[in-house]
Amino acid sequence: MEKYICTVCGYVYDPTEGDPDNDVEAGTSFAEVPEEWVCPLCGVGKDLFEVEE
């Protein structure tokens, strides 16, 4: 699964880890992350993330 990076602060969403502090289980692809989820570091929405190269 692809990792996604926040274009504002550089936080990397890694689907193998998920975001357990915000109720996103490990193994959750970025597409499956709820739309209301925000970056845990800077608070921007999913629309400001892009695939990490």
Student: For the atom pair CD (Glu17) and OG1 (Thr28), what is the distance rounded to the nearest 0.5 Å?
Tutor: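 Here the interatomic distance stands at 12.0 Å.
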Student: Atom CZ in Phe30, atom CD in Glu52: separation rounded to 0.5 Å?
Tutor: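 The CD atom of Glu52 is 12.0 Å from CZ of Phe30, to the nearest 0.5 Å.
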Student: Say whether Val33 and Leu41 are linked into one hydrophobic cluster, either directly or through other cluster members, by side-chain heavy-atom distances under 4.5 angstrom.
Tutor: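 Yes, same cluster.
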Student: Looking at side-chain heavy atoms only, is the closest gap between Tyr11 and Pro40 below 4.5 Å?
Tutor: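 They are in contact (side-chain heavy atoms under 4.5 Å apart), so the answer is yes.
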Student: Are Glu32 and Ser29 close enough that a side-chain donor and a side-chain acceptor fall under 3.5 Å?
Tutor: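 Yes, Ser29 and Glu32 have a side-chain donor paired with an acceptor closer than 3.5 Å.
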Student: For residues Ile5 and Phe49, determine if any side-chain heavy atom of one lies less than 4.5 Å from a side-chain heavy atom of the other.
Tutor: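 Side chain of Ile5 against side chain of Phe49, heavy atoms only: no contact under 4.5 Å found.
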Student: If only atom types and distance count, is the side chain of Lys46 paired as donor or acceptor with the main-chain N or O of Glu36 below 3.5 Å?
Tutor: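 Side chain of Lys46 to backbone of Glu36, a donor-acceptor pair under 3.5 Å: no, none is there.
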Student: Would you kindly check if the NZ (Lys) or CZ (Arg) of Lys3 is within the cone defined by 45 degrees around the ring axis of Tyr13 and under 6.0 Å from the six-membered ring centre?
Tutor: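 No, Lys3 and Tyr13 do not form such a contact.
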Student: Tell me, do Cys39 and Val44 make a side-chain contact under 4.5 Å, heavy atoms counted?
Tutor: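 Touching, per the 4.5 Å side-chain cut-off.
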Student: Under 3.5 Å, side chain of Thr7 to main-chain N/O of Leu48, donor-acceptor pair present?
Tutor: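 Side chain of Thr7 to backbone of Leu48, a donor-acceptor pair under 3.5 Å: yes, one is there.
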Student: Do the side-chain N and O atoms of Trp37 and Asp19 include a donor-acceptor pair separated by under 3.5 angstrom?
Tutor: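 Indeed, the side chains of Trp37 and Asp19 share at least one donor-acceptor pair under 3.5 Å.
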